[in-house]
Structures are given as structure tokens and as C-alpha cells.
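Keep in mind that this is a model prediction, so the values were computed, not measured. Protein chains get the first letters and strands the later ones, always in sequence-line order, with residue 1 at the start of each.
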There are 2 protein chains.
Amino acid sequence: MSTKKYHQDCSPCPLAGALDVIGDHWTLLIIRDLMLMNRHEYKDMLEAWEGISTNILSNRLAKLTDSNLIASIAHPESKRRKLYYLTEEGKSLFPVIAEMTIWGFKRKENDFIPPHLKELLTGSRTKVEKAILKSLKDWEEKHLAVS
Amino acid sequence: MSTKKYHQDCSPCPLAGALDVIGDHWTLLIIRDLMLMNRHEYKDMLEAWEGISTNILSNRLAKLTDSNLIASIAHPESKRRKLYYLTEEGKSLFPVIAEMTIWGFKRKENDFIPPHLKELLTGSRTKVEKAILKSLKDWEEKHLAVS
DNA sequence: CCATCTACTTGCAAAACACAAGTAACTTGT
DNA sequence: ACAAGTTACTTGTGTTTTGCAAGTAGATGG
């Protein structure tokens, strides 16, 4: 048995540490689903375009939960379902998602860009970020029981 | 024989397309070396903290060259050495690197941050970006023969 | 000529991944 | 009440990617 090697065990560079958490092919797509695509359930994420496999999705959701980037509650309509959502730390990935999306878009202009992000290409980031954080807060108020 | 599955083959999302190119554990660290750490040779990159293995480095340099994010010339002092540098498209990754570095730094305040990026935490990004692009231009003027 | 240095390539074991097929805990329809 | 889903997973199997060690080819240096 050998343990996986993490950059942060040998590197003091914050970029390397970030890559340990979000530096794979799937993690940021899950964050995107939660942040921009309004997908909050396992089955919703399975149905995203990229076609993540079910074991990988399960694994990434667990890792993201361990890293405190996401959390979950039981679905109010059914105990077998779960609702996933971003923690504050997860939401703080917005600038990363935004810049990578812009970069990808400039590189190969696709026919799609997540609804909230369209404005990024022309307008101000803080404005877009504020709108997105607002929409996430609205979702939380609706779905997370406030004590 | 099956071909590797790329997100962009099935997804119109620019983030997914970007992840096909820079969504692994090593690629952005190589870009960082070229952009911020003044490492322009194979051996320099091997010696970075994270300890990339030689076959992976070779593979990533080839992929990055194919994707037109980096290019190389022969070292003026020795034919057996090469100098790698960022293309304009590679340099355009600055905002991505910057945001991921900031995110990583906030998450776990390390004792190190690449010299040029320190100012990011307090000051303006455009100013820092300008300074970095200037330093890359200086390097190019010194090492790339201008016709 | 012989040692060394640089940028790789090769071989192999270990880990991660994709895909298909379960499974357990519910819920839905009758 | 009970069979037929649904949902969120887990398990199994084969393929791909990675990590590590070793080797190679083409300079270069003494």
C-alpha cells in the first residue's frame, strides 16, 4: 500500500496546493453544475453533457465534502434523494471558474456559455459574481431550513 | 485500442474544453514555471519542488507545444539544450494561474508565493499582469532573435 | 578518447478511470 | 399490500495514465 502523492506535501506553492483539490478533469465541472447550472442532485450531475461515470461522481462528491467545498442535506420530497450545495469555501472558487471559462471560450468559441457567465465576456466580474452569489443565497433560503 | 475521451467532444461548455488542455495535475505548474519562476529549461522544471517525473514532463511539454501554449528554441550556448517559453496563448492563462494561486493561498496560507504574485493579494491584477507580461517580453527580447 | 551533461525514451508496477452490473433504501402505482 | 420503479450509491473488470528507475542519443569538456 502506498499513499497518493500530493503536491502540497513537498511544495510551498499555493497553486500546487490548489491543484491537489481541484486539479483533475471532473471536480470543477461538478462545482460548475452547483454554481451555475442549478444542478443539485446526483442524477442531475450524471446527466450533464460530459457524462461522468457514477463511481467517479460518487468519489468526487465525497472528496469535495471532505474538503468542505460542498455539503448536502436530505431532499425534502424524498429521503432517498440528496441536495448538494456549495459551502462558502466552494463559492470562493467563482473567480477560478470564471477565468477558466473565459479562457476556454476565447480559445474556441463555442455555441454555449453558462447563462450567468455570458455577461463576463463584456462586463464586470464583480457584478456577475454578485448576481451569482445572490442566486445561490436564494436557493439556500428556499432549500436550507433557516433556524 | 480506444481513444481518450475529451470533454469537448461531447460538451459545448468552454470550461470543459479548457479542462481538456489544462485540467491535470502538472500542466499549470509548467506554465507557472515559465510565467513566474523564470524556469525555461527541462532540467530547471525537473528541479521544481513538486518533483515531476521526466516522462510526464516530456509528455506535457509535447502536448503544450501541440496546443500552441508554449514553444521552444535551441539554447544559444549548447545545441543539446532547449529554451521553452510561453506563446501569447500561453500567456493568456495568467488570470487562471492568478486566481488559482490566490484561492490556494487563502485556503492554506503558505510560506511562499511566486514573487510577482505577492502584490495580487492586496493590489490590482491588471498592474501585476502588466508587470509579468513586461518581464516575459524582456526575456524574449534577450533570448529570441528579433528579425 | 572518455566522462558528463541534457533531453529525452523505455519498461514495469501501481493507481486512476470508464463502463457495466449490481444493491439497498426508499417511493409510486394499483 | 406488493410489484415496479427511482435514487444514490458500490462492486467488478479491463484499459489508460502515472510514478519510478533505468537506459539512450547527441552534444560538450577535459
Assign each of A:His25 and A:Lys82 to its nearest nucleotide of DNA chain D by heavy atoms, then name whichever residue's nucleotide is nearer the 5' end.
A:Lys82
Presence of salt bridge, B:Glu47 and B:Lys43, under 4.0 angstrom
no
Derivation of the side-chain contact (heavy atoms from CB on, under 4.5 Å) call for B:Met35 and B:Arg32
CA-CA 5 Å; B:Met35 189 181 286; B:Arg32 172 205 63 182; 5.9 Å; no
Select from A:Asp44 and B:Trp26 the residue whose nearest nucleotide in DNA chain D is closer to the 5' end of that strand.
A:Asp44
Starting at the 5' end of DNA chain C, which residue's closest nucleotide do you reach first, B:Leu83 or A:Ile52?
B:Leu83
Starting at atom CD of A:Glu41, determine the distance to atom P of D:dT6, rounded to an integer number of angstrom.
14 Å
Separation of atom CG in A:Leu57 from atom C1' in D:dT11, rounded to whole Å:
16 Å
Please verify the inter-ring angle class for B:His40 with B:His143; under 30° counts as parallel, over 60° as perpendicular, anything in between as tilted.
parallel
Atom-to-atom span, NZ of A:Lys5 to P of C:dA16 - whole angstrom
14 Å
Listed nucleotide nearest any side-chain atom of B:Ser58, set D:dC20, D:dT10, C:dT9:
C:dT9
When rounded to the nearest 0.5 angstrom, what is the spacing between CD in B:Glu50 and CG in A:Asp20?
9.0 Å
Give the rounded distance in Å between these two atoms: CD1 of B:Ile56 and P of C:dT9.
12 Å
Within 45 degrees of the axis of the six-membered ring of A:Trp49 and under 6.0 Å from its centre: does A:Arg39 put its NZ or CZ there?
yes
Taking atom P of C:dA16 as reference, at what distance in whole Å does atom NZ of A:Lys63 sit?
7 Å
Spacing between A:Leu46 atom CG and C:dA20 atom P, to the nearest angstrom
14 Å
So which pairs with a foot in residues 58-73 of chain A pass side chain to side chain donor-acceptor pair (under 3.5 Å), sequence neighbours left out?
A:Asp24-A:Arg60
Is A:Arg60 close enough to C:dC17 that one of its side-chain N or O atoms is under 4.0 Å from OP1 or OP2 there?
yes
Base, backbone or nothing for each nucleotide of nucleotides 21-30 of chain D, written B, S, -, heavy atoms under 4.0 angstrom, 5' to 3'?
-B---BBS--
Whole angstrom is fine here: how far is it from NE2 in A:His75 over to C1' in D:dT6?
12 Å
Find the distance B:Arg39:CZ to C:dT6:P and express it as a whole number of Å.
16 Å
Checking the side chain of B:Ser78 only, and the main-chain atoms of B:Arg80 only, is there a donor and an acceptor separated by less than 3.5 Å?
yes
